[in-house]
Structure formats: structure tokens, C-alpha cells
2 protein chains.
Amino acid sequence: MENEQSYKDKKVITIGVVRELTGLSERQIRYYEERKLIFPDRSSGGSRKYSFSDIELLIEIANKIGDGVQTYDIRQEMKKKQIEKDTKTIRNKMIQGQLNAQFGIRKQ
Amino acid sequence: MENEQSYKDKKVITIGVVRELTGLSERQIRYYEERKLIFPDRSSGGSRKYSFSDIELLIEIANKIGDGVQTYDIRQEMKKKQIEKDTKTIRNKMIQGQLNAQFGIRKQ
DNA sequence: CGTGTAAGGAATTCTGACACG
DNA sequence: CGTGTAAGGAATTCTGACACG
């Protein structure tokens with residue numbers, strides 16, 4: 001659950017390769033970043049670095065735009081999903097905290 | 001067994017990122033290719049592209065060189081390993097062929 | 001709104017060679 | 001043998017802007 005994901009989420013891919021892998025133009029890829037849909041890392045020189053996850057996300061974004069969804073709405077969707085995810089994480093942490101406090105049970 | 005590996009073995013990483021990830025110099029990385037220890041893809045423009053597997057292999061190579069092993073000997077080791085692997089693959093295929101011929105058993 | 005494009009510059013990468021040892 | 005380096009050039013990427021609609 002750590003080593004597997006380390007490949008998928010590691011931001012190491014330059015925009016040219018992303019262009020090839022997604023079929024999108026660099027203009028499109030940069031624009032989606034401008035609209036806060038995607039968040040590449042930067043090299044020391046300023047080049048964008050993407051992960052495989054980012055590439056999958058870009059393809060989803062492009063599909064939605066192809067369906068007529070606007071970037072603003074895509075962003076709202078993503079925010080909502082993120083909140084759901086965070087909520088679950090917090091709930092789990094609270095339950096874990098309760099268990100620890102009462103029984104000292106701890107996940108390995 | 002296909003999608004997981006597709007990330008690890010996909011050659012999408014430029015030499016600069018490989019340098020950062022391995023701590024090796026570009027000179028070293030290119031030299032190991034010259035000695036036939038590593039085989040990056042090339043972009044249309046000629047830039048080298050490496051996979052995460054390549055990065056792991058580069059680290060192994062560098063460790064061996066640090067131990068005093070010469071590139072030629074590392075190459076022999078790698079060849080030997082590859083032959084063992086191929087032998088196993090061929091043996092499996094032959095067994096599979098026998099089973100198919102006699103019983104029509106087929107792997108899904 | 002989402003995308004194409006030309007512009008100019010900076011960062012990245014490439015090859016072949018000389019150097020050291 | 002394995003690696004550093006300076007050299008010159010080519011490929012890659014960056015930003016800000018104009019255009020269309």
C-alpha cells in the first residue's frame with residue numbers, strides 16, 4: 001500500500017510525455033492547471049512534472065470537457081469528492097483514537 | 001499482473017529526473033548504457049526515457065560498481081539471469097503445449 | 001470558455017572528445 | 001575503467017499575449 005502507489009503517484013513525467021500519453025495538447029494540459037484541476041510538481045528549472053495518476057486524471061478531465069462540462073464544474077466535483085474523502089479519513093482517525101483511548105488497540 | 005507493472009516498466013522518465021532519483025551523474029547513466037547495462041527508450045527528438053524499473057536497476061549497478069565489480073562482469077551476470085528467466089518461460093510454454101495437446105487444458 | 005499559435009528566452013539533453021589514471 | 005568536464009547544437013519547456021468565438 002506504499003511501494004505500489006509510490007510509482008503511480010510519483011511526479012516524474014515531463015509535459016511532452018504527458019502529451020503523448022494523453023493525446024492532449026500542452027496548451028490544454030497547462031490550461032487545466034490554470035483552472036486548478038491538476039497540480040504538477042516543478043523541477044528546479046521550472047519544468048512541470050506529472051505522475052501516472054495525474055495522467056489518468058487528465059484523461060477524465062478531457063472526457064468531461066468533451067461531454068460539455070465546464071472546468072469550473074469539474075473543479076466543484078473534485079472538491080466535493082475530496083471533502084468526502086477527508087471526512088472518511090477523519091472519521092477513521094476518530095474511531096481509531098477512541099479505540100486507543102479505551103482499549104489501547106492499535107493498527108499494525 | 002498487467003496494470004500494476006504498466007507503471008513500473010513504462011519508459012517515461014527523462015535523464016534529469018533519473019539523476020535526481022538515483023543520485024548518479026548523467027555521465028554515469030549514459031556510460032552504463034554504452035556498456036549495455038541499461039536500455040532506455042528514445043523520444044522522437046532523441047531524449048532518453050527510463051522506467052522505474054530502470055531506476056532500480058541503475059541503483060543496483062551503481063552498488064556493484066561501488067563494490068569493485070566491472071561493467072563487463074555485471075553484464076555477464078545480467079545475461080545469465082536473463083537466460084535462466086527465458087529457460088523457465090520456455091519450459092512453461094512447453095508444458096502448457098503438452099497439456100493442450102493431450103487434454104485441451106488451457107489457462108484462462 | 002477552451003484552445004491554437006507565434007515569440008523570445010531559459011532549461012534540458014545530446015554527441016564526441018579530451019583528461020586522469 | 002569509470003567518470004568529470006567544456007563545447008556546440010538541437011530538442012524541450014516556459015510565460016504572456018493575441019486570436020477566435
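Lettering follows sequence order; numbering is per chain, from 1. Bear in mind the structure is a predicted one, so any value in this text is a computation, not a measurement.
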Within the distance-only criterion (no hydrogens, no angle test), does the side chain of [X] pair as donor or acceptor with the backbone N or O of [Y] below 3.5 angstrom?
| X | Y | answer |
| --- | --- | --- |
| B:Asp67 | B:Lys64 | no |
| B:Lys11 | B:Phe39 | yes |
| A:Ser53 | A:Lys8 | yes |

Dump every N/O contact between nucleotides 8-10 of chain C and the protein below 3.5 Å, one line per pair.
none

Between [atom2] of [N] and [atom1] of [X], the distance in whole Å:
| X | N | atom1 | atom2 | answer |
| --- | --- | --- | --- | --- |
| B:Asp41 | C:dT13 | CG | C1' | 16 Å |
| B:Ile13 | D:dT12 | CD1 | P | 17 Å |
| A:Lys49 | D:dT12 | NZ | P | 13 Å |

To the closest 0.5 Å, what do you measure between [atom1] ([X]) and [atom2] ([Y])?
| X | Y | atom1 | atom2 | result |
| --- | --- | --- | --- | --- |
| A:Ile38 | A:Ile55 | CD1 | CD1 | 9.0 Å |
| B:Gln98 | B:Gln102 | CD | CD | 6.0 Å |
| A:Asp9 | A:Phe52 | CG | CZ | 11.0 Å |

My understanding is that a hydrophobic cluster links ILVMFWY residues whose side chain heavy atoms are under 4.5 Å apart, including indirect links. Using that, what else belongs to the cluster containing B:Met94?
B:Ile90
Between [X] and [N], is there a side-chain N or O to OP1/OP2 distance below 4.0 Å?
| X | N | value |
| --- | --- | --- |
| A:Thr14 | D:dT12 | no |
| B:Ser43 | D:dT12 | yes |
| B:Arg48 | C:dT13 | no |

So if I take every side-chain heavy atom of B:Arg42 and compare against C:dT13, C:dT15, D:dT15, which nucleotide ends up nearest?
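The listed nucleotide nearest to B:Arg42's side chain is C:dT15.
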If you only use heavy atoms from C-beta on, which nucleotide in D:dT13, D:dT15, C:dC14 is closest to the side chain of A:Arg19?
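The closest nucleotide is D:dT13.
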With A:Lys36, which residues qualify under side chain to side chain donor-acceptor pair (under 3.5 Å), at least two apart?
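Partners of A:Lys36 by the side chain to side chain donor-acceptor pair (under 3.5 Å) criterion come out as none, since no residue qualifies.
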Not counting sequence neighbours, which residues clear side chain to side chain donor-acceptor pair (under 3.5 Å) with A:Asn63? List them please.
none
What are the two closest non-hydrogen atoms of A:Arg35 and A:Arg75, and how far apart are they?
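In terms of heavy atoms, the two residues are closest at O-CD, 3.5 Å.
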Over all heavy atoms of both residues, which pair between B:Met78 and B:Leu57 is shortest? Give the atoms and the distance, please.
CE-CD2, 4.2 Å
Contact list (N/O, under 3.5 angstrom) for nucleotides 2-5 of chain C vs protein:
residue	atom	partner	partner atom	Å
C:dG2	OP1	A:Thr71	N	2.6
C:dG2	OP1	A:Thr71	OG1	3.3
C:dG2	OP2	A:Tyr31	OH	2.8
C:dG2	OP2	A:Arg35	NH1	3.1
C:dG2	OP2	A:Thr71	OG1	2.6
C:dT3	OP1	A:Gln28	NE2	3.0
C:dT3	OP1	A:Tyr32	OH	3.1
C:dT3	OP2	A:Tyr32	OH	2.9
C:dT3	O4	A:Arg27	NH2	2.9
C:dG4	OP2	A:Ser25	OG	2.6
C:dG4	N7	A:Arg27	NE	3.2
C:dG4	O6	A:Arg27	NH2	3.1
C:dT5	O4	A:Arg27	NE	3.3

How does DNA chain C look in dot-bracket notation if pairs are Watson-Crick or G-U with both distances under 3.5 Å, crossing ones as [ ], other-strand ones as |?
.||||.||.|.|.||.||||.
